[in-house]
Amino acid sequence: MSYPMNHDGVTRRMQQPSGESTHRSTNSGTLRWLVALTTLFAPALIAYHGYQLWSRSSEIQSHLKRISARGLPVDNASLEQWHRSQNHDTQSALWAEILDLMEQHLISYPSLQNLPSLGQAELPEVLDPNQPWREEPYVAEYLRYARPILDKLQQATQRPEPVWLPLEFRGFHSSLGYMHNLRSVMRLLALEVEYALYHEDATRAMQGLSMMKATSQSVPYSTSLVTKMIGDACEAGYHAAVTRSLQVDLWTEAQLEELSQQLVPSEQLGPSENVVDQWRSTWAGEQAMFAAQFGLSTGTQSEGLTVHRVGLARLQRVYLELSEELQSMATDDLGQLLGAAEKLEQSLIRRGHQPQSFDDMTFELLTPAVASAAKTFVKREEGRRQTSTALGIKRYQKRFGKWPKRLTDLTAIGHTAENWQTIRSGEFGYSAEADRAWLWSYRQDNRYEMVPEERPEEPSADTKENQPSFRLILIR
């Protein structure tokens with residue numbers, strides 16, 4: 001290495017500037033102070049977050065103990081026990097056999113795509129025995145093939161009660177295969193009813209409708225939002241089949257009365273048709289699945305940085321408190337329930353849009369659609385009321401030989417104002433002509449508007465995916 005020369009030609013080392021040396025010395029001192037402070041305070045910070053984690057975890061455990069003391073589930077094992085205790089197992093083996101057979105049919109039947117309801121074919125927009133039905137031969141063949149299932153269903157539905165089915169509870173990943181197969185059973189029965197109505201076989205159609213109603217009553221007691229929605233779908237399928245039957249002038253007044261009685265909530269069925277108990281059990285089940293998903297009852301919470309785990313524990317505690325609040329909202333006044341749910345959901349949305357921490361944003365992702373859940377209760381009840389009113393219109397026509405001028409005329413056959421009222425959008429719409437009548441509701445796309453005064457156009461098969469339905473019912 002060479003060094004610069006002075007004017008005498010003598011080499012010399014270049015001296016370091018004194019300012020640079022001072023700067024390095026200062027940085028070194030600052031670094032030492034930072035290391036010292038970190039060493040001093042890090043244990044305290046770790047201890048603080050550790051205490052916070054322990055404190056919040058203790059709160060969660062205390063919360064779970066209070067839940068368990070009320071007989072509600074807090075993990076997968078207790079959720080399974082709760083599911084078993086809420087339902088009846090006398091017909092469980094038979095129902096499991098039926099549902100297994102139904103699943104095999106869906107996999108193995110060669111011409112399933114040619115069928116309405118179960119396959120890709122559409123039902124005729126209007127059920128008319130005097131018009132050709134292209135899929136009728138396929139339906140007839142399949143119903144002969146499915147006769148063993150229909151025979152077993154006739155046996156299983158003699159005692160309609162919420163049935164215990166073997167479900168695998170694994171938090172939010174619970175396996176509900178049997179529950180989904182119940183919907184397929186309802187579609188099979190709907191096809192049976194459609195075929196009987198087309199051939200004007202009133203006895204067979206009535207038997208099919210009775211089995212549909214009994215199947216919807218056999219859906220296991222609600223243990224989550226998913227099981228609740230499956231039960232609602234089964235009941236909605238039954239309502240649709242009853243109202244479609246009114247497109248054929250087939251029923252006697254006595255048969256119409258029998259169908260009307262099927263729509264009266266039965267006290268004997270207990271909590272399965274009780275809004276308060278269904279609402280509470282749905283959220284109790286959701287709460288248990290949340291606790292199981294995060295291992296709250298066992299203390300096996302997610303691993304990671306302590307500060308992250310503190311935030312997660314806070315999130316878990318808030319979610320459990322929300323579940324308790326949801327259960328306390330239960331009321332059989334559906335308008336009040338829906339209003340409270342919408343108000344709560346708006347407060348949760350505001351919290352998610354103005355988060356104070358990352359956990360607040362995560363909480364929004366985990367928070368269930370509270371208002372949508374309340375609307376499922378509303379739509380189920382409105383479906384029952386509209387179906388009952390449609391039957392009442394036909395009963396009135398059978399008894400007096402004319403259509404009612406207005407829905408209030410149905411008081412002559414024992415209906416009350418509640419029968420023809422939506423929960424908060426006014427009366428159902430109604431109009432009549434010489435040989436037919438129509439009944440409709442508001443648009444079924446989760447937007448609450450008043451029921452149209454004039455009869456709306458129902459979307460066709462080609463446009464129904466893009467246009468909302470008004471649940472227009474044709475009565476002839």
Side-chain angles (χ1 to χ4, degrees), residues 123 126-130 154 157 160 186 189-217 234-266 268-269 273 380-422 427-441 455 471-476:
L123 287 171
V126 176
L127 175 57
D128 188 346
N130 298 316
Q154 189 171 0
T157 53
M186 289 295 287
L189 289 170
L191 205 56
E192 165 77 358
V193 172
E194 182 82 10
Y195 184 84
L197 292 170
Y198 182 76
H199 289 280
E200 300 182 279
D201 186 340
T203 301
R204 183 174 177 179
M206 180 63 75
Q207 184 181 64
L209 287 170
S210 297
M211 286 195 291
M212 288 188 78
K213 178 59 178 177
T215 298
S216 74
Q217 292 171 335
C234 290
E235 186 71 6
Y238 165 71
H239 292 159
V242 171
T243 55
R244 189 165 171 84
S245 76
L246 297 176
Q247 295 181 9
V248 182
D249 187 8
L250 184 64
W251 305 123
T252 64
E253 188 176 351
Q255 288 170 327
L256 289 167
E257 175 64 26
E258 181 181 346
L259 289 171
S260 297
Q261 288 302 313
Q262 291 181 9
L263 290 162
V264 176
S266 172
Q268 295 177 349
L269 289 171
E273 291 192 357
R380 179 166 179 156
E381 171 59 15
E382 288 180 340
R384 186 194 68 81
R385 292 184 185 185
Q386 191 179 5
T387 304
S388 176
T389 300
L391 287 168
I393 291 168
K394 185 61 182 175
R395 285 172 57 203
Y396 184 100
Q397 189 263 347
K398 283 285 185 182
R399 182 175 300 182
F400 299 108
K402 61 181 180 180
W403 300 110
K405 291 182 179 180
R406 58 190 65 83
L407 294 179
T408 52
D409 291 348
L410 297 180
T411 55
I413 59 168
H415 277 228
T416 62
E418 182 184 81
N419 287 95
W420 59 78
Q421 292 278 348
T422 65
E427 290 185 7
F428 294 115
Y430 169 71
S431 67
E433 296 177 3
D435 64 342
R436 63 192 63 195
W438 289 272
L439 187 71
W440 62 88
S441 185
R455 174 167 58 90
R471 203 165 184 270
L472 181 65
I473 297 172
L474 169 63
I475 308 164
R476 296 198 292 188

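- Atoms CD1 and CD1, from I473 and I475 in turn, are 6.5 Å apart once rounded to the nearest 0.5 Å.
- Residues meeting the salt bridge (Lys or Arg N to Asp or Glu O under 4.0 Å) test with D249, sequence neighbours left out: K394, K398.
- Every pair passing ring pair (Phe, Tyr, Trp, His ring centres under 6.0 Å) that includes a residue from residues 380-419 is listed here, sequence neighbours excluded: Y396-F400.
- Residues that satisfy the salt bridge (Lys or Arg N to Asp or Glu O under 4.0 Å) test with R244, not counting sequence neighbours, are E194.
- The two residues A205 and L197 make their nearest non-hydrogen contact at CB-CD2, 3.8 Å.
- Among residues two or more places apart in sequence or in another chain, the side-chain hydrogen bond (donor to acceptor under 3.5 Å, both in side chains) test is passed with N419 by S388, T416.
- For W440, the side-chain hydrogen bond (donor to acceptor under 3.5 Å, both in side chains) criterion is met by no residue, not counting sequence neighbours.
- Considering V126, D128, L127 in turn, L127 is the only one that fulfils the side-chain contact (heavy atoms from CB on, under 4.5 Å) rule with V248.
- Across all their heavy atoms, I413 and R395 have their closest contact at O-NH2, 3.5 Å.
- Take R476 and apply the salt bridge (Lys or Arg N to Asp or Glu O under 4.0 Å) test, not counting sequence neighbours, and it matches no residue.
- A side-chain hydrogen bond (donor to acceptor under 3.5 Å, both in side chains) with Y238 is found for exactly one of Q217, K213, Q262, namely Q262.
- Residues passing the side-chain hydrogen bond (donor to acceptor under 3.5 Å, both in side chains) test with Q261 are E257, sequence neighbours excluded.
- The salt bridge (Lys or Arg N to Asp or Glu O under 4.0 Å) search around E253 returns R399, not counting sequence neighbours.
- With sequence neighbours excluded, no residue forms a side-chain hydrogen bond (donor to acceptor under 3.5 Å, both in side chains) with D201.
- Side chains of S441 and Q386: no donor on one and acceptor on the other come within 3.5 Å.
- A salt bridge is defined here as a Lys NZ or Arg NE, NH1 or NH2 lying under 4.0 Å from an Asp or Glu carboxylate O, and E382 with R471 fails to meet this definition.
- Judged as a side chain to side chain contact (heavy atoms under 4.5 Å, CB included), and not counting sequence neighbours, the contacts of T157 are W95, M211, A214, T215.
- By the side chain to side chain contact (heavy atoms under 4.5 Å, CB included) test, Q421 pairs with R385, E427, sequence neighbours left out.
- Summarising the geometry of V193 relative to G208, their closest heavy-atom pair is CG2-C, 3.5 Å, with the distance given to 0.1 Å.
- For A417, the side chain to side chain contact (heavy atoms under 4.5 Å, CB included) partners at least two apart in sequence or on another chain are W420.
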